[in-house]
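First the proteins, then the strands, lettered A, B, ... as listed; each starts at 1. Just so you know, these numbers come straight off a predicted model, no measurement behind them.
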Amino acid sequence: MRTAPTILHLDMDAFYASAEQASKPSLRGKAVVVGGLGPRGVVATASYEARVFGVHSAMPMGQARRLAPNAAYLVPRFGFYRSISEQVMALLRALSPLVEPLSLDEAFVDLEAGERAWDAESARRVGVRLRADIRAVTGLTGSVGLAASKMLAKIASEQAKPDGLVLIQPGSERALLGPLSVRTLPGVGPATGDHLRRAGIHTVEELAEAGEDELVRLVGKAHGHALYAMALAHDERPVVAERGAKSVSVEDTYDVDIHDRLRVGLEVQRLADRCVRRLRGAGLSGRTIVLKVRRYDFSTLTRSETLRGPTDDPAVVREAAARLLDAVDTTGGVRLLGVGVSGLADYTQEDLFAQAAGAPVELPAEEPADAPAEVRPAPTERHWRSGNDVRHERYGHGWVQGSGLGRVTVRFETPDSAPGRVRTFRVDDPGLEPADPLPLVTRRPGGPVGSPGAGPSPTGPADAGPAGTAPTGWPGGPRSGDGGVAGAAGPVREHADADVSGAVPGDPGAPGEYRASAGAAGARRAPAGADGAVGSGSARGAGAPGQESSEPEPASLPKSRSGTCGPMDTSSP
DNA sequence: TCTGGGGTCCTAGGACCC
DNA sequence: TCTGGGGTCCTAGGACCC
């Protein structure tokens with residue numbers, strides 16, 4: 001294992017929820033829950049304000065609504081998050097060729113490979129500057145862990161949350177790990193945790209004391225060896241860039257169980273097409289087709305079939321999936337169906353045959369999102385999804401706060417505006433149209449293109465030009481208006497980095513405005529006066545079409561299955 | 001209002017081959 | 001002709017992660 005803490009782990013704080021708060025000024029400092037809004041939805045991310053109520057990832061949405069009835073509930077906008085993620089990953093790649101993304105909001109970086117750091121001090125400097133650059137470029141905060149191994153860097157970033165940096169000094173690893181719960185270790189989930197607990201093993205120290213043979217006996221060969229190594233803080237896994245995909249899959253959970261066998265078959269065909277579309281989009285083909293069925297009682301089964309050669313032919317995948325379905329009993333109903341392809345290759349033998357035979361390989365078009373207006377179905381509540389951006393010919397840019405009863409409620413605000421007003425329209429209002437998200441950080445007018453409005457980091461942007469990294473995937477380019485994102489403007493502070501080595505996890509005593517209140521820990525504070533924009537929260541019906549709410553507070557709409565935003569929180573901190 | 005969607009890795013049994 | 005021992009592939013399920 002290396003002797004310097006030069007493996008960096010970055011984890012963005014409450015990423016989806018923070019991105020929504022940065023995009024929507026009226027949500028800053030408030031409980032925000034991002035996830036599926038249907039009857040079977042779960043929480044993807046809860047803002048720190050929502051976590052105060054006990055809301056957390058993977059929790060059923062119904063439970064979240066009971067715990068935090070006044071939170072704002074939004075559907076995830078992955079395209080938006082991906083564009084932010086690309087900006088962050090570009091900053092990381094400027095540090096090292098060895099960047100290993102784990103998800104949209106998380107990655108390992110080998111700083112030694114990038115010759116950016118060789119000891120604790122240089123590593124810490126890189127981490128401090130990275131956090132500043134991330135905030136300058138995206139307006140969001142991320143937590144950084146630095147250590148001599150991937151496992152410890154990840155544990156460090158977890159301890160740094162939110163909005164902090166923790167460096168684990170080489171030599172202190174075992175002392176630091178010892179008292180921690182076994183559940184802290186990556187790979188120890190509920191099942192393994194219970195298993196170990198029943199064997200009297202609660203802490204990492206007890207794991208090490210149990211010995212390797214005992215652990216292998218308890219949890220199996222691979223897991224046992226891995227667990228013992230982790231308990232001794234041994235982790236030699238290298239940071240690996242470019243890990244090719246091993247499978248591609250799509251699945252849908254239905255709001256209501258499907259009983260009709262015919263309908264089940266049709267859904268499987270649709271999923272097969274969607275899966276192939278994704279496969280082709282990635283330039284891949286695969287040999288093994290997998291069908292997944294979750295029954296009414298939540299029991300899940302998979303059936304798979306391996307072809308003689310890889311394919312990306314929708315007809316071939318459809319037929320295989322249909323054959324697999326034939327062998328499955330669906331009486332009682334199914335709640336989820338999925339189709340996947342594994343055994344991936346980046347060429348396809350069957351395609352060569354198909355081309356040789358002159359057989360066209362066609363895929364039905366996806367939903368006609370880009371179809372001309374006259375072909376598109378008329379807008380309905382479902383068309384205006386909670387949280388999505390819209391533009392009104394008269395009122396400008398805003399986002400859907402809720403819809404129902406033929407009306408859609410829009411809050412007109414932009415990332416760099418004050419919290420905005422709410423107006424209600426008919427769902428088929430001709431002046432209203434869907435819009436792309438706006439950049440979270442505004443460019444200074446007249447400034448160099450790509451210069452962050454929030455100002456440069458104390459040490460300036462990293463050499464490869466993070467500040468020169470234009471936001472990808474956003475239309476519009478430079479926009480007028482000065483100042484950065486509210487709360488991110490002004491000098492970038494590094495207060496949270498003060499508690500570097502040997503930091504106390506989640507030390508609330510760290511000075512600085514971002515930890516000013518426990519409830520808002522890590523959340524960017526709304527600008528002064530924002531609080532005044534939120535009124536009594538009295539439940540108001542949607543106004544008449546086109547009518548402006550008399551108060552800037554959100555109007556409350558009746559719940560509808562199209563996903564209404566509840567009245568926005570007035571009770572959260 | 002009880003449980004998403006996209007992945008990874010491991011285990012274990014049987015087939016099959018040498 | 002009473003019976004081995006690997007290795008690899010396929011299939012099914014489960015734990016875990018974000």
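Which of C:dG13, B:dG6, B:dC2 sits closest to the side chain of A:S249 comes down to B:dG6. For A:T288, whose side chain is taken as the heavy atoms from C-beta onward, the closest listed nucleotide among B:dT3, C:dT11, C:dG13 is C:dT11. With distances taken from any side-chain atom of A:R294 to the nucleotides C:dC16, B:dG4, B:dC2, the minimum falls on B:dG4. In the set C:dA12, C:dC18, B:dG5, the nucleotide with an atom closest to the side chain of A:S304 is C:dA12. The listed nucleotides are B:dG5, B:dG4, C:dG13; the one nearest the side chain of A:D252 is B:dG5. Taking every side-chain heavy atom of A:T302 into account, C:dG13 is the closest of C:dC16, C:dG13, B:dG4. If you check C:dA12, B:dT3, B:dG6 against the side chain of A:R335, the one that comes closest is B:dT3. Closest contact between the side chain of A:E251 and the listed nucleotides B:dT1, B:dG6, B:dC2 involves B:dG6.
In this entry the distance linking CZ of A:R243 with C1' of B:dG7 reads 10 Å, nearest Å. When the P atom of C:dC9 is taken as reference, atom CD of A:E305 falls 19 Å away, rounded to whole Å. Put simply, CG on A:L337 is 14 Å from C1' on B:dG4, counting in whole angstrom units. For the pair A:L104 CG and C:dC18 P, the interatomic distance rounds to 13 Å; values are reported in whole Å. At whole-Å resolution of the value, NZ in A:K246 and P in B:dG7 are 13 Å apart. Across the protein-nucleic acid pair, A:L37 atom CG and B:dT3 atom P stand 14 Å apart, rounded to whole Å. Protein atom NE2 of A:H9 is 8 Å distant from nucleotide atom P of C:dC18, rounded to whole Å. One interatomic measurement links the two molecules: CG of A:L102 to P of C:dC16, which rounds to 18 Å at whole-angstrom precision.
In this structure, A:R66 and A:T253 both approach DNA chain B, and ranking their closest nucleotides by distance from the 5' end singles out A:R66. For the pair A:A245 and A:L336, nearest-nucleotide mapping onto DNA chain B gives the more 5' position to A:L336.
The pair A:R274-A:D252 counts as a salt bridge, with a side-chain nitrogen and a carboxylate oxygen less than 4.0 angstrom apart. A:E86 and A:R82 are not joined by a salt bridge, as no carboxylate oxygen comes within less than 4.0 angstrom of a charged side-chain nitrogen. We find that A:D257 and A:R40 are joined by a salt bridge, their nearest charged nitrogen and carboxylate oxygen being less than 4.0 Å apart. Electrostatic pairing of A:D110 and A:R2 counts as a salt bridge here, judged by a charged N lying under 4.0 Å from a carboxylate O.
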Between A:L102 and A:E100, does a side-chain contact (heavy atoms from CB on, under 4.5 Å) hold up when you go through it step by step?
-> CA-CA 6 Å; A:L102 300 175; A:E100 181 177 335; 4.0 Å; yes
Evaluate the criterion side-chain contact (heavy atoms from CB on, under 4.5 Å) for residue pair A:L146 and A:T6; output intermediate values, then yes/no.
-> CA-CA 6 Å; A:L146 288 158; A:T6 49; over 6 Å; no
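With centres under 5.5 Å and a plane angle under 30° as the test, the ring of A:F298 is not stacked against the base of B:dC2.
A pairwise comparison of heavy atoms in A:D436 and A:D389 identifies O-CB, 4.0 Å as the closest pair.
Here A:K154 lies in heavy-atom contact (under 4.0 Å) with sugar-phosphate atoms only. Using a 4.0 Å heavy-atom criterion, one finds that A:Q63 contacts no nucleic acid atom at all. Nucleic acid contact for A:G187: sugar-phosphate only, since backbone atoms but no base atoms lie under 4.0 Å from a heavy atom of the residue. Contacts of A:R278 with the nucleic acid, taken as non-hydrogen atoms under 4.0 Å apart, involve only primed sugar atoms and P, OP1 or OP2. Note on A:V248: only backbone sugar-phosphate atoms sit closer than 4.0 angstrom, heavy atoms only; bases stay farther off. Across all strands, A:E106 comes closer than 4.0 Å only to sugar-phosphate atoms, never to a base (heavy-atom distances). Heavy atoms of A:S57 sit nowhere under 4.0 angstrom from any nucleic acid atom.
A:T192 has a side-chain polar atom (N or O) that falls below the 4.0 Å cut-off from OP1 or OP2 of C:dC16. At least one side-chain nitrogen or oxygen of A:R287 sits closer than 4.0 Å to the OP1 or OP2 atom of C:dC10. Taking 4.0 angstrom as the limit, A:T45 places none of its side-chain polar atoms (N or O) nearer than this to OP1 or OP2 of C:dC18.
For the P atoms, the distance from B:dG14 to C:dG4 is 15 Å, rounded to whole Å.
Nucleotide B:dC18 is matched to C:dG5 when pairs are restricted to Watson-Crick or G-U wobble geometry with both distances under 3.5 angstrom.
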